[in-house]
Amino acid sequence: MGSFSIWHWLIVLLIVVMVFGTKKLKNLGSDLGGAVKGFKDGMKDGGADAASAPAANPQVTQAAKAEQTTIDVEAKQKS
């Protein structure tokens, strides 16, 4: 009862192709592939940069200390 047959999946695929079109689905597939490739490259680079990561932390804290401006905001309700 919980599983669908191949015919159900083919009908769903046909409806998706009719709604989005083949060009958008092709672009979506290439974008997804590029994102996965970028993620894998980032994970490889992340392991190599682990030794230099503590050196990057003082820069972030110095920038946070330099930014000491405060914006005073008053919230009002719309009527």
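The first residue of the sequence shown is numbered 1, and numbering continues consecutively from there.
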Subject >> Partners meeting side chain to side chain contact (heavy atoms under 4.5 Å, CB included) with W7 (sequence neighbours left out) >> reply: S5, L10

Original post:
With sequence neighbours left out, what residues match L14 under side chain to side chain contact (heavy atoms under 4.5 Å, CB included)?
Top reply: M18

Check: residues 30-42 side-chain donor-acceptor pairs under 3.5 Å, at least two apart:
residue	atom	partner	partner atom	Å
S30	OG	K26	O	3.4
S30	OG	N27	O	2.9

Original post:
Name the one of L13, V12, V17, I11 that satisfies side-chain contact (heavy atoms from CB on, under 4.5 Å) with I15?
Top reply: I11

Subject >> Over all atoms of both residues, closest heavy-atom pair of F20 and K24 >> reply: O-CB, 3.4 Å

